[in-house]
Every structure is written in C-alpha cells, then in structure tokens.
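The structure appears below as structure tokens.
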Protein chains: 2
Amino acid sequence: MTMDKKSPIKFTLTERDESVTITQWVYETLRSAVMNGQILPGRALTIRELATLLNVSPMPVREALRQLSAENALEIQGNRRVIVPKMTAMKFNELCEARIAIESHAAARALPYIDAARLAQLHSLDRLIDQAQENDDLEQISILNQNFHRLLYTANPHQVTLPLIESLWLQLGPFMRLATSKLEEHYLVDRHNEAMIAIEKKDAFALQLAISADIREGIAFANTPELLQRFIEQSRTDAS
Amino acid sequence: MTMDKKSPIKFTLTERDESVTITQWVYETLRSAVMNGQILPGRALTIRELATLLNVSPMPVREALRQLSAENALEIQGNRRVIVPKMTAMKFNELCEARIAIESHAAARALPYIDAARLAQLHSLDRLIDQAQENDDLEQISILNQNFHRLLYTANPHQVTLPLIESLWLQLGPFMRLATSKLEEHYLVDRHNEAMIAIEKKDAFALQLAISADIREGIAFANTPELLQRFIEQSRTDAS
DNA sequence: GAGGTTATTTTGTGATCACAAAATTAAAAA
DNA sequence: TTTTTAATTTTGTGATCACAAAATAACCTC
C-alpha cells in the first residue's frame with residue numbers, strides 16, 4: 001500500500017503585521033493550527049519543512065517550536081523530534097478534570113473583581129455565541145467560548161492561572177472543537193447564563209458549579225465513549 | 001551614588017554531560033538559578049552576558065531563555081528584554097492558592113495509583129527531609145520537598161498537571177526557599193505524615209487536606225506579612 | 001549642577017553555514 | 001518476498017555574522 005509520506009498541514013496564513021517579530025507570527029500560526037486540529041497527532045514537525053511552508057527562514061520556526069513545546073502544545077521525543085502529542089482516553093479525562101479544577105478556582109478568585117462593565121461584556125459575548133451557534137460556525141463558537149472564559153478569569157488583576165489554563169486548552173485543542181456539536185448548544189447557553197447569574201449574586205459556589213458544568217458539557221462527548229473513541233483512533237493512526 | 005551597573009549572578013556550574021545538549025544544560029543551570037533566587041527579580045538577562053558567563057555561544061542561551069519564559073519563570077518585557085519577574089504580595093497569594101487548588105487535585109487523582117512500593121519511597125524521602133532539617137540545609141530541604149510532591153503526583157500515569165505545578169514552583173522559587181525556616185519544621189513533618197496515613201487509608205479527602213496544609217505551612221510566612229514584605233521590598237528594588 | 005540632544009555601544013532578531021546524528025532509501029543477501 | 005546491511009539524505013544543534021532598534025554614554029546648552 002502506498003501512501004503519502006507526510007500528511008499535509010493546512011495553515012490559515014494571516015497577513016503578518018510588520019511591528020511583530022517573525023517568530024511571534026510563526027508561533028501564532030502554528031498555535032492556531034494545533035488548536036484547530038489542522039495537524040494530525042503524531043505528525044512529525046521539522047524545522048525546515050515548516051520554514052518552507054511558511055516562507056520564512058528556519059530560525060523563527062525553531063524558536064516557535066521550542067515555545068510551543070514548553071507550553072505542552074507539542075512534544076519533544078527522545079530523538080529530538082517534535083510531534084503533536086497523541087491523545088488517549090485516560091489523558092483526555094485527566095485534561096478535562098484538570099480544566100475543571102483550575103478554571104473553577106480561577107473563576108472563584110476572579111469573582112470579587114467583576115464589575116458591571118465586565119459583566120456587560122460577558123453578556124454581549126454570550127449573545128455572539130448564540131449567533132455563532134445559529135450559524136453552526138464551530139470554529140467561531142470555540143473562539144468565542146474561550147474569550148468568554150478568558151474575560152472571566154482576567155478580571156482578577158493578580159491572576160496567575162491563565163497561562164496554565166491556556167496550556168490545557170491547547171492540549172485539548174483539536175478535541176475541544178469537535179465537541180461543540182449542535183446537540184448540546186442549549187446546555188452551553190444555559191451554563192453561561194447560570195454563571196452570569198451567579199456573578200450578579202456574587203455567589204462563588206454557584207459560579208464554580210456553572211463553570212464546571214460548562215466545561216463538562218462543552219466537552220460532553222467525553223461521556224459518549226464511542227465518539228471520543230473515534231477521534232482517539234484517528235489520533236492513534238500513524239501520521240508520520 | 002555609584003553602584004555596580006549590574007547585580008552579579010551566582011551560578012552553580014555543574015559538569016556538563018556530553019550526552020545532553022548544551023541548550024539543555026544551560027536551561028537547567030538557569031532554571032536552578034531562578035529557583036534558588038540567585039538572580040534578583042527585575043534583573044535584566046541578556047543573551048550575550050549569560051553566554052559569556054556560562055562559557056557557551058549565544059545560541060543555546062537564546063533557546064533556554066525562550067523556554068524559561070514560556071514556563072513563566074522569566075518575563076519578556078515589551079522591549080523584548082527578559083527579566084526575572086518581580087513579586088507582589090497579591091501575586092504571591094495567588095500563586096499559593098493556585099498551588100493548593102492544583103496540587104490537592106493532583107494528589108487526589110494520583111491516590112488510586114499509589115502502591116506499596118511508592119509509599120515506601122515516600123517514607124524514605126520523608127526521612128531524608130528529617131535529616132536535612134536537622135542539618136539546617138535549606139536548599140536540600142527544598143529539593144527533597146519538591147521530590148516528595150513530584151513522587152506523589154507522578155503516581156498517576158496519565159497525569160497532566162505536573163508541568164503546570166512546576167511552573168508555579170518556579171514562580172514561587174526564590175520565596176519558597178526562604179520560607180522553609182526552622183520555625184515550622186515540625187509542621188512539615190506532621191503534614192507529610194498525615195498525607196502518608198491518608199494514602200494508606202485511601203482517603204482522598206484527608207490527603208487533600210494534608211497537602212493543602214503542607215503547602216500553606218511550607219510557605220507559612222505568607223501569614224506573617226512583615227517577613228513577606230521584606231522579601232517583596234527586596235524584589236522591588238531596581239536590580240538592573 | 002540639571003535637562004535635553006546627539007553619538008556610541010549593546011542588544012535581540014533573523015539569516016546562513018558546518019557538522020554529527022538520525023532517518024530514510026537503496027542494495028544485497030537469505 | 002523478507003530481512004540485513006550499506007549508502008544517501010534529512011534533521012537538529014550550535015556557531016557566526018549582519019542589522020535595526022534600544023539602551024547607555026557623552027556632550028552641549030542653560
């Protein structure tokens with residue numbers, strides 16, 4: 001059986017802002033590719049290949065790869081090869097539970113700092129999510145959902161957990177996106193509303209419950225093993 | 001008033017293993033310097049200076065700095081300068097609470113996987129900590145204490161939180177070490193024992209309590225504001 | 001002296017090259 | 001065909017150089 005040597009990588013090449021370093025641009029490009037599952041797990045990423053693909057010199061790619069590895073978005077193998085980590089059912093579960101533990105903590109810590117202005121922003125974000133759901137725009141839903149959580153946690157000006165949370169998002173990346181299926185759209189809306197009601201009441205415990213539920217249902221198919229299994233299978237296939 | 005332009009950095013230069021890359025060795029050297037507070041917060045780190053100091057070419061330093069920045073051990077300023085982040089009382093508190101939330105979660109998740117062999121290892125580590133405390137070897141205590149926690153969390157073979165936890169340790173680094181003062185040595189011992197008893201009983205809740213208390217007391221001077229303040233002051237002084 | 005302007009140095013970024021180790025392909029042997 | 005071995009290519013690492021931007025020093029004006 002002959003097959004293509006390497007699975008192709010589909011990048012969404014954005015215009016590069018002159019004020020930003022090439023390294024930064026490469027980093028953002030690779031990051032969103034990982035987050036959106038555009039690179040198959042197990043796929044080996046080589047510096048020169050990416051440099052050619054992105055039309056830059058090897059140096060910025062090298063730095064971006066190291067940073068993404070440090071953020072657990074990529075994995076350095078013993079051979080010094082860099083790959084997109086493969087997923088297992090157990091690891092997936094650990095990532096979800098870690099999200100719940102850390103994010104509900106971050107939410108509770110942010111609560112005292114949320115003022116009316118920020119709450120209004122949260123509401124308007126939630127409305128945008130509704131729209132995106134009507135349009136079935138999965139990628140947009142995913143982005144807006146992240147913005148919602150980020151806006152919540154960053155209310156705390158001394159917050160230190162967001163980088164950790166973003167690392168978990170990155171690791172769940174490709175699988176989180178597929179999760180936001182039409183089936184649970186009403187759940188998501190409900191949970192965000194619950195969260196905002198809890199915020200108005202300054203009820204930390206209710207907020208934690210809402211965030212936990214939102215996460216659990218946002219990646220709800222963790223509880224529908226056959227779906228999860230399908231994606232893990234895909235991830236297990238050799239993508240070198 | 002004349003003062004030295006740059007505060008000196010005291011490295012503990014270890015022999016470099018040939019099998020390991022220079023970048024890795026530089027990374028480890030810088031990491032432990034940060035962890036042990038051998039670089040004043042606010043101190044600007046330049047590639048060439050470190051390269052000269054460590055007697056390597058700029059390239060490995062460059063990569064190590066980027067990795068440490070990605071791990072939140074260092075901070076990239078707008079000017080693209082890399083510094084050791086400064087500490088504030090609020091940030092310190094956030095870091096402690098984050099540790100408690102994440103580590104007690106990690107401990108609970110590890111509990112089902114802890115077998116007799118690992119428990120024995122934990123016991124022997126605890127004995128080593130006792131010894132180190134008798135010798136007043138603060139650095140050794142700190143290292144062994146970290147090993148104890150790491151050994152606990154890594155019992156879970158699917159664990160994903162250790163990198164996040166290590167990032168928090170790094171950020172607390174210089175301040176964590178100073179915390180392990182003679183005053184609370186009996187607390188530490190007790191908490192580790194409590195943890196091990198909870199493990200034997202497979203009591204997740206008791207384990208979480210023990211770990212939480214251990215962390216809280218290990219950095220107990222968070223509750224003695226005058227001490228904390230002193231170190232933060234030191235951190236605020238311009239160390240450029 | 002102090003404040004602002006210019007000159008000088010230092011710095012991060014990015015490009016390119018050399019090289020040993022690893023991966024891949026080709027060839028040979030069973 | 002299947003397995004071993006050898007030849008070839010590709011890869012990450014590390015070194016060095018160029019350059020623009022930033023930081024620092026020197027200078028001048030008041």
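All values reported here derive from a predicted model rather than from experimental measurement. Every chain is numbered from 1, with letters handed out A, B, ... down the list of sequences.
Across the protein-nucleic acid pair, A/E63 atom CD and D/dG12 atom P stand 15 Å apart, rounded to whole Å. Note: CG (B/L54) to P (D/dA15) measures 12 Å, nearest angstrom. To the nearest angstrom, P of D/dA23 lies 11 Å from CZ of B/R80. Per the geometry, CE belonging to B/M59 stands 16 Å off P belonging to C/dC19, to the nearest Å. Taking atom CG of residue A/L74 and atom P of nucleotide D/dG12, one finds them 12 Å apart after rounding to whole Å. If you measure from atom CD of B/Q67 to atom C1' of D/dG12, you get 15 Å, rounded to the nearest angstrom. Rounded to whole angstrom, the span from the CD1 atom of A/I83 across to the P atom of D/dT11 amounts to 16 Å.
Separating the CD1 atom in A/I76 from the CZ atom in A/R66 is a distance of 5.5 Å, to the nearest 0.5 Å. Atom NZ of B/K91 sits about 9.5 Å away from atom CG of B/L172, to the nearest 0.5 Å.
Of the possible donor and acceptor atoms, one in the side chain of B/W25 sits under 3.5 Å from a partner among the backbone N and O of B/T14.
Picking from C/dG14, D/dT11, D/dG12 the nucleotide with the shortest atom distance to the side chain of A/S57 gives C/dG14. The side chain of A/N79 has C/dA23 as its nearest neighbour among C/dA23, D/dA15, C/dG14. Here the nucleotide nearest the side chain of A/T46, chosen from D/dT16, D/dT11, D/dA15, is D/dT11.
When heavy atoms are screened at a 4.0 angstrom cut-off, B/L45 is found touching the sugar-phosphate backbone but no base atom.
Nearer to the 5' terminus of DNA chain C, by closest-nucleotide assignment, is the contact made by B/I47 (compared with the other of A/R48 and B/I47). Position along DNA chain C of the nearest nucleotide to A/R62 versus B/I76 favours B/I76 as the more 5'-ward residue.
Within the 4.0 Å cut-off from OP1 or OP2 of C/dT13, not a single side-chain nitrogen or oxygen of B/R81 is found.
Between B/W169 and B/H149, the two ring planes are perpendicular [angle over 60°; tilted spans 30° to 60°].
For the pair B/R43 and B/E49, the salt-bridge criterion is met [side-chain N within less than 4.0 Å of a carboxylate O]. Ion pairing between B/R150 and B/E103 fails under the 4.0 Å rule for side-chain N and carboxylate O.
The stretch residues 14-30 of chain B touches DNA chain D through B/T21, B/I22, B/T23, each having a heavy atom under 4.0 angstrom from the strand.
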